[in-house]
Amino acid sequence: MKRVVIRVRGELDLPGVPLLRVLKSEAVRNNVVGEAKLLGDTLYAVLEGPRESVDRVLKFIPMASPAVKIREMEVREEKYTGQYRDFKIAPS
């Protein structure tokens, strides 16, 4: 099992681009749990799940929408905790 904390900066909060819903859908499809929130031009997320599944979601993020422009993406692996039971969108 794997846990990563990510921070993505760029043009992310765009009208008509439901980035958080798309990310949640992809995470659920890949059996990844955690949470995500969007604060201005920065996406913060914690992803937990099988190693291959978390890696698939990480690879998906830059391709989530052609409108999204990512300038920087930091991924930090942490010790798996099993803290999450589902994927939630945290209030911004």
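No experiment lies behind these values; they were computed from the predicted model shown.
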Salt bridge (charged side-chain N to carboxylate O under 4.0 Å, His left out) between R9 and E74: does it pass, once the steps are laid out? CA-CA 9 Å; R9 298 192 64 199; E74 291 179 17; over 6 Å; no
Residues joined to Y80 in its hydrophobic cluster, side chain to side chain under 4.5 Å directly or through other members, sorted by chain and number, are M1
Where A36 and L20 come nearest, the two heavy atoms and their spacing: CB-CD2, 3.9 Å
In short, T81 meets E48 closest at the heavy-atom pair OG1-OE2, 2.7 Å
Give a yes or no on whether K2 atom NZ has more than 12 heavy-atom contacts from other residues, nucleotides or ligands under 6.0 Å away. yes
Hydrophobic clusters here meaning ILVMFWY residues chained together by side-chain heavy-atom distances under 4.5 Å, can you tell me if V75 and Y84 are in one? no
Do I70 and L43 sit in one hydrophobic cluster, given that two such residues count as connected whenever their side-chain heavy atoms are within less than 4.5 Å of each other, even indirectly? yes
Measure the shortest side-chain to side-chain distance between I89 and L23 over non-hydrogen atoms and say whether it is less than 4.5 angstrom. no
Would you name the heavy atoms of E11 and R71 that are closest together and state the gap between them? N-NH1, 4.0 Å
Taking every heavy atom of R3 against every heavy atom of K79, the minimum-distance pair comes out as CD-O, 3.3 Å
Hey, any chance L38 and F87 share a hydrophobic cluster, counting ILVMFWY side chains that come within less than 4.5 Å of each other, even indirectly? yes
Do the side chains of L39 and Y44 get nearer than 4.5 Å, heavy atoms only? yes
State whether the side chain of E78 and the backbone N or O of V5 hold a donor-acceptor pair below 3.5 Å, judged by distance alone. no
Test salt bridge (charged side-chain N to carboxylate O under 4.0 Å, His left out) on E35 and K24; report intermediate values, then the result. CA-CA 8 Å; E35 68 179 313; K24 179 179 181 176; over 6 Å; no
Is it the case that T42 and R7 place a side-chain donor and acceptor less than 3.5 Å from each other? no
Listing, residues 56-69 side-chain donor-acceptor contacts under 3.5 Å, not counting sequence neighbours, or none:
from: R56; atom 1: NE; to: N30; atom 2: OD1; distance (Å): 2.7
from: R56; atom 1: NH2; to: S53; atom 2: OG; distance (Å): 3.2
from: S65; atom 1: OG; to: A67; atom 2: N; distance (Å): 3.1
from: K69; atom 1: NZ; to: P66; atom 2: O; distance (Å): 3.4

So, do V46 and V33 sit near enough that their side-chain heavy atoms are less than 4.5 Å apart? no
Intermediate values then yes/no, side chain to side chain contact (heavy atoms under 4.5 Å, CB included), V4 and L47: CA-CA 5 Å; V4 295; L47 308 174; 3.8 Å; yes
